[in-house]
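First the structure, in the form of structure tokens, and then the observations on it.
In this chain, numbering begins with 1 at the start of the sequence shown. Both counts, for ligands and for their atoms, begin at 1 and track the order of listing.
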Amino acid sequence: MCGIVGYIGRKEAFPIIIKGLKRLEYRGYDSAGVALLNGDMTVFKKAGKVSDLETIVDGARTHASIGIGHTRWATHGEPNDRNAHPHLSQSGNLAVIHNGIIENYAAIKEELTKRGYTFHSDTDTEVLVNLIEEVQKQENTSLDNAVRIALNQVVGAYAIVVLNKKNPDQLLAARKGSPLVIGIGDDEFFVASDASPIIEYTKNVVYLDEQEYAIINRDGSYQIRTLGNVEKSPEIKKLEFSIETIEKGGFEHFMLKEIYEQPRAIEDSLRGRMNASQGWIKLGGFNEYSNRISRADRFLITACGTSWHSGLIGEYMIEDLARVPVEVEYASEFRYRNPIITEHDVVIAISQSGETADTLAAINLAKERQALIYGICNVIGSSIARTSHAGSYTHAGPEIGVASTKAFSTQVSLITLMALQMAEHRGTIATSRMREILYELENIPKKIEETLQLDAQIKEIASIYKDASNFLYLGRGYNFPVALEGALKLKEISYIHAEGYPAAEMKHGPIALIDENMPVVFLATNKSAYEKIVSNVQEVKARKGKIIAVVNKGDTHIRELADHLIEVPETEEILSPLITIVPLQLLAYHIAIMRGCNVDQPRNLAKSVTVE
Ligand code: AGP
């Protein structure tokens, strides 16, 4: 996510802002910038790190006691100098920094262009700052009221801070969907995305609530108002935790934070791309090539690790719904086996980092052979994203933990939309059925929240099996890829050997492994093959395996057979991976912690494998 820092007070603003941006580096970003008010509106901004920004700053022009700074995690527009924040309005009087996504920016940009506005970046933020300026002109009103009116016109999520060249004694801040904290100092104020840039100066903070904005004045006064223009009495809170804890959002590790971020991450990945009640799906990259995608003879999905597991779910979904042949390939194998690829193929590359060397090489090979390349990445402007002909970003926000969690669930969410859109284009799904699935997809974040409530129970199970030497994860249908992913999670952070297997495959050999020392995790939420999975559970029980079963809430049958029952909310079978993966992520996390492992940076692993 982007990082926001603002300052107004008696001290030099620039060093406070730069230090604050460095406190926010953990959030992940690709460019940085500052705007300072010192008679002029002085802006420095640059792609790269905050330290890169510092190299271009002219120290002679940084004297100011009010300013704003930003680290950008690109959502609209490549990571480069001109797309870096702050963005200035046409007049140069306003500067804005923004964390979030303005969904209706294109329509607003079109209208502003008609009114003579010109744009120098590809960002939604530059549209917003000019909308504010236009509203103030049209309404002939105060800037804070213009901000309020403008924000009532935008759709999406934002946390913004506005600097006004005409009023160097005031900062304006507002939020909807993205967090913003105001630090209350002695005759000074701080504004930031979280408390980490603030805590060393003051422990007194006000958290802006949804759809609220703040008018912050140099004289020490401030006001909190709703976008409905109702004044709110601010609730000052005292910061109790360390900077390190703040960076992790109050969680002990990034991985746990990212497991808990999945509901919001899925909402962000779906935002503006589907509407269940109106029955539409809009995947930008997809629509651009919809003919080639609709006429494709075959889909090849290539990825590595967790992303490959998302791809396997994609195979099941696309064949199930769109009735098109799909092959899922490990990128490292695909690139060297001289595969048959034609211009009638669509190759879908899935990659959180967008920099995985094998996946990048695989799509370069496919591109040479005229296939259409569709990228599903989390990092805007990454190599795989730029190499693909088209694609969709997962908008999961930076994933810091090496073990992929929210990237997996947002990849699966996007692949679900792709499969549905393909099925709609090919006429292989009834509109009513598509809407049913879309409605349930909208419910998934809430159901994940509900599943996360099982954390304490899962921690208890982890304490029982933390010293196991081996684990088996078994699933059928859509839960088979989840079994693979659950096993990978455990392996990579707890260093316990674990294998994922199709449940029915046990009798072809692996069942010889079962004894009283073998914990077996069953994913048993399938309704279509329920009786089959029950018999698989019985096979394991008969050999004294310890059974940890993930079942639909209210399951009665497996309850009798399992040693531990994890009851999750029921959902459409096609969407079950989004729910059943959550207990497995938590199980792996807790076991790894109990074994004293470094869950965020496991041994031997890198977040992005940019080498072969
Ligand atoms: C998953 O937890 C691992 N971090 C790893 O398998 C990862 O999924 C794989 O390296 C692919 O990375 P990518 O999604 O960035 O391409």
Side-chain angles (χ1 to χ4, degrees), residues 28 253-259 261-262 265 269 301-314 328-335 347-364 373-388 391-415 473 481-496 498-500 577 581-582 584-589 591-592 597-612:
H253 299 96
F254 282 112
M255 181 181 175
L256 191 60
K257 172 171 173 271
E258 287 150 11
I259 289 171
E261 277 179 344
Q262 290 180 115
S269 70
I301 300 177
T302 187
C304 302
T306 287
S307 299
W308 186 88
H309 297 148
S310 309
L312 189 55
I313 292 169
V328 187
E329 298 261 4
Y330 282 111
S332 54
E333 287 299 307
F334 182 67
R335 64 183 290 201
V347 174
I348 300 174
I350 304 174
S351 176
Q352 188 286 129
S353 62
E355 299 299 342
T356 300
D358 283 322
T359 309
L360 183 57
I363 60 173
N364 280 322
I373 313 298
Y374 194 95
I376 296 180
C377 297
N378 192 40
V379 179
I380 311 277
S382 54
S383 304
I384 291 170
R386 280 183 288 109
T387 304
S388 303
S392 298
Y393 288 116
T394 44
H395 292 322
E399 188 175 69
I400 312 292
V402 165
S404 206
T405 49
K406 62 178 182 175
F408 172 80
S409 35
T410 52
Q411 286 166 355
V412 173
S413 304
L414 274 196
I415 290 166
Y473 288 71
V482 182
L484 297 175
E485 174 59 13
L488 176 61
K489 287 286 104 34
L490 187 71
K491 270 184 277 205
E492 65 175 329
I493 63 173
S494 74
Y495 317 142
I496 293 175
E499 278 191 87
I581 189 57
V582 176
L584 309 191
Q585 293 167 340
L586 291 170
L587 182 66
Y589 171 80
I591 288 178
C597 299
N598 180 343
V599 288
D600 283 335
Q601 274 110 25
R603 69 185 183 197
N604 311 335
L605 293 179
K607 182 58 188 168
S608 173
V609 183
T610 54
V611 293
E612 290 199 22

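Near Ala403, meaning under 4.0 Å from any of its heavy atoms, are these atoms of ligand 1: 2 (O). For ligand 1, the atoms lying closer than 4.0 Å to a non-hydrogen atom of Lys489 are 1 (C), 2 (O). Listed by atom number, the atoms of ligand 1 under 4.0 Å from Ser307 heavy atoms are 8 (O), 13 (P), 14 (O). Interface atoms of ligand 1 facing Ser353, defined by a heavy-atom separation under 4.0 Å, are 13 (P), 15 (O), 16 (O). The contact set between ligand 1 and Ser351, taken as ligand atoms under 4.0 Å from a residue heavy atom, comprises 13 (P), 14 (O), 15 (O), 16 (O).
Closest to atom 16 (O) of ligand 1 by heavy atom, among Thr356, Thr359, Leu605, is Thr356.
In terms of polar-atom proximity, defined here as any N/O pair under 3.5 Å, Gln352 does make such a contact with ligand 1. Below 3.5 Å of separation, one finds an N or O of Glu492 facing an N or O of ligand 1.
Residue, atom and distance of the protein heavy atom nearest to atom 10 (O) of ligand 1 are Val609 CG2, 4.0 Å. Atom 1 (C) of ligand 1 has Thr306 OG1, 2.9 Å as its closest protein atom, hydrogens excluded (heavy atom only). Atom 11 (C) of ligand 1 has its closest protein heavy atom at Cys304 O, 3.4 Å.
The closest side-chain heavy-atom distance from Leu587 to Tyr473 is below 4.5 Å.
Put simply, part of Val402 is less than 4.0 Å from ligand 1, judged by heavy atoms.
In terms of modelled atom types and a separation under 3.5 Å, the side chain of Tyr495 and the main chain of Arg603 share a donor-acceptor contact. In this structure, Asp600 contributes its side chain and Met255 its backbone to a donor-acceptor pair below 3.5 Å. Judged by distance alone, with hydrogens and angles left aside, the side-chain atoms of Thr410 form a donor-acceptor pair with the main-chain N or O of Ala407 at under 3.5 Å. Panel note: side chain Asn378, backbone Gly397; a donor-acceptor pair is recorded below 3.5 Å.
Residues passing the ring pair (Phe, Tyr, Trp, His ring centres under 6.0 Å) test with Tyr589 are His253, sequence neighbours excluded.
The salt bridge (charged side-chain N to carboxylate O under 4.0 Å, His left out) test with Lys406 is passed by exactly one of Glu258, Glu261, Glu399: Glu261.
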